[in-house]
Amino acid sequence: MTTGGLVVGGLEIGFGDAPGLRAISFSVARAERVAVVGASGSGKTTLLRAVAGLVPIHRGTVVVGSRDVTRLPPELRGAVYLHQSPVLFPHLTVGENVAFALRLRRVPERETLKRVQELLTAVGLPDFAPRAPRSLSGGQRHRVALARAVAAAPEVLLLDEPLSALDPTLRDEVRVALLGLQAEYSPALLLVTHDLDEAALMADRIAVLLNGTLAQVAPPAELFQRPDSLAVARFLGMRNEIPGRVRSGRFECALGSFPVPAGISAAGELVGIIPVDAVDVVPSPSGSARVLGVIHRVQGTSVLVSRNGVELEARAAASSTPKAGETVDLRIYPERLILLPAIA
Amino acid sequence: MRSRLRLLMAGVVILSAALPFAVLAVGSVAGEWRWPALVPSAIEGDAWTATLAGGTRLGPALLYSLALGLATGVLGTCVALPVGRAIAELHGWRRHLGAGMVFLPVAAPPIALGTGLQLTSLSVGLGGTFQGVLLAHLIPTTGYLSLFFVGILSVWDRRAEDEARTLGANPRQVLTRVTLPMLRPSIAAAAALGFLISWGQVPLTLLVGRGRVPTLPLEVFGYVQSGQERFAAAGALLLALPPLLALGAARLAARDVDVVPV
């Protein structure tokens, strides 16, 4: 049990006739950031709205800051929800938008103005109080929406795809503002996104929502190195699945026999995953693998190779990328091998 | 070539809009004006001087119609907004049923509606009264305005209201601080539309008012029937001005909200 923050226990939400979300349990500590990732339509937004009290739940509990808010209306939950596109009230100035929650609580006007100025300064918009929302750029609107949310002093900040609608430069601008505000005011932060990079950049832990349940909740490094299941690994975009068998501490497959990495207890029929960056191609005229194609990505270049009937994606040095049809050798780092039970 | 065509089109539009008013303006001061004379034989300002001096039925009728139109616009909007919202929040056949029900008074011929309302108003003692005519005007007006709000609120973005709730606003505060201010242009347009529906209403006023509720359209009708053409033209001009003012006011309200420093 965390002190403060958010605790969700056994949540069940229906999607009409569809199965919906079930047995959702997780916590977000004060000042912690948790990202929920999942495919489009997996229920990420519904989960966030349920925590905010904006959609009904069938079963389960929502505790915010040690208070059970399951049956409370949204305004009494202490959880502020922000949509993917910032929704500023168009009939109010930027300053009045930020002051919205403070005026609802009848905070003295002098204190309200001081707080508004502090928050606008914190998001890098110190002179924007008199401006109309329609005069702001996309990034500025996001920052004002964040300042307005933080002004409500929430225990929990719920962000729905906070950076998805922004171009890459604005993403950095809003991310910096968001992380700065969270560091200063320490709400628990729960965000949902379909972008794994965004989740890894922003979150202390990532929760993977698959088939209506949380398949795994782990820090980014652990999640990417040790997915709990083949379904999670596939969702994370991991390629290079090779069926095999563990025998006498070694994983035997079509590519050869590799020692089972330390710390993994496995036996029997399994699927091995060799991460792309754990296989290097080495140009060699007498190599055992043939290059099928070259794949260019922002993160780097890789090649698709075939060896013993197994197709693999492997990392290639930018200076010596082989061409399709050439033969290469593969250098595999077995300590990076991931062994998972096959999906029945 | 294109700019000349545009100029020509603009001229035609302006002329077609202004010509009826010009004819009415001339007619309101025209002495004898028979075909094929292009201009009246004399100018006589008695219709206007008498109206301004309170010597005709047009002045009181104008005030009566204004009061009736304003009350219909305001009350109709107050009723139609929640009705429209309730229908807009329904789905599937329920929404169709709700929209169909508010469409009924709009679809019914005014004479049929007026006949029914006349019988009802007589039975409850409202026949021939301002209140009775107001209620009669409210029936088609509420129907029109409810459909107007169903259209607007069916595509209304609820995200601002959701965020206001999680920021700490209860439903009443969301309504007064977010929804109504954001709907202000639509509310102004609805009130103007309600005013206009009442302003031009003749059959319902005649049947429910039983001739004892002297609105401007009825008085103009009376002057036309009795052959007092200058007075009829002056009344028709008075009849045309408030709708223009109402549309102008709605247009002003629909402008972007002015902002003031915090």
Side-chain angles (χ1 to χ4, degrees), chain A residues 16 48-49 51-55 73-107 109 112-113 115-117 120 128-135 145 148-154 156-158 160, chain B residues 77 81 85-86 88-96 149 151-192 249-262:
Chain A
L48 218 56
R49 289 174 63 81
V51 172
L54 295 169
V55 296
E75 64 268 23
L76 299 178
R77 291 196 169 205
V80 172
Y81 173 73
L82 262 76
H83 286 90
Q84 180 177 352
S85 301
V87 184
L88 298 181
F89 305 131
H91 56 288
L92 302 179
T93 63
V94 165
E96 288 165 342
N97 264 280
V98 178
F100 185 82
L102 299 168
R103 287 183 174 149
L104 285 174
R105 295 175 189 174
R106 302 184 188 283
V107 173
E109 194 59 14
T112 295
L113 296 179
R115 187 96 175 100
V116 166
Q117 197 51 46
L120 285 176
F128 279 60
R131 297 267 294 265
R134 65 177 179 275
S135 71
R148 183 180 67 185
V150 172
V156 181
L157 202 49
L158 304 165
D160 191 352
Chain B
T77 303
L81 178 55
R85 174 140 191 169
E89 286 178 355
L90 297 174
H91 297 283
W93 65 268
R94 290 182 179 84
R95 180 187 286 187
H96 292 300
F149 280 118
I152 287 171
L153 296 170
S154 295
V155 292
W156 176 249
D157 186 351
R158 304 276 155 87
R159 293 178 309 157
E161 294 172 335
D162 285 348
E163 290 204 7
R165 286 295 300 274
T166 68
L167 285 166
N170 61 34
R172 185 182 56 78
Q173 289 168 321
V174 171
L175 180 72
T176 57
R177 295 178 187 231
V178 177
T179 310
L180 291 180
M182 285 177 71
L183 276 174
R184 197 183 75 180
S186 302
I187 290 170
R251 189 72 211 126
L252 277 177
R255 285 186 316 176
D256 286 331
V257 179
D258 286 325
V259 292
V260 290
V262 72

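These numbers come from a predicted model, not from an experiment. Computed over heavy atoms, backbone and side chain alike; hydrogens, waters and symmetry mates excluded.
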So for [X], is it side chain, backbone, both, or neither that comes closer than 4.5 Å to the heavy atoms of chain B?
X: Leu104(A); value: both
X: Ala79(A); value: backbone
X: Ala101(A); value: both
X: Thr112(A); value: neither

Could you state the interatomic distance from [atom1] ([X]) to [atom2] ([Y]), rounded to the nearest 0.5 Å?
X: Arg49(A); Y: Asp162(B); atom1: CZ; atom2: CG; value: 4.5 Å
X: Leu88(A); Y: Glu163(B); atom1: CG; atom2: CD; value: 8.0 Å
X: Leu54(A); Y: Arg158(B); atom1: CG; atom2: CZ; value: 13.0 Å
X: Glu75(A); Y: Arg165(B); atom1: CD; atom2: CZ; value: 4.0 Å
X: Phe100(A); Y: Arg177(B); atom1: CZ; atom2: CZ; value: 6.5 Å
X: Arg184(B); Y: His91(A); atom1: CZ; atom2: NE2; value: 9.5 Å

Contacts of residues 168-175 of chain B with chain A (heavy atom under 4.5 Å):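 Within residues 168-175 of chain B, the residues under 4.5 Å from chain A are Gly168(B), Ala169(B), Asn170(B), Pro171(B), Gln173(B).
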Residues that Ser135(A) engages under side chain to side chain contact (heavy atoms under 4.5 Å, CB included), provided they are two or more places apart: Arg131(A)
Under 3.5 Å: donor-acceptor pair, side chain of Thr166(B), backbone of Tyr81(A):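 Between the backbone of Tyr81(A) and the side chain of Thr166(B) there is a qualifying donor-acceptor contact (under 3.5 Å).
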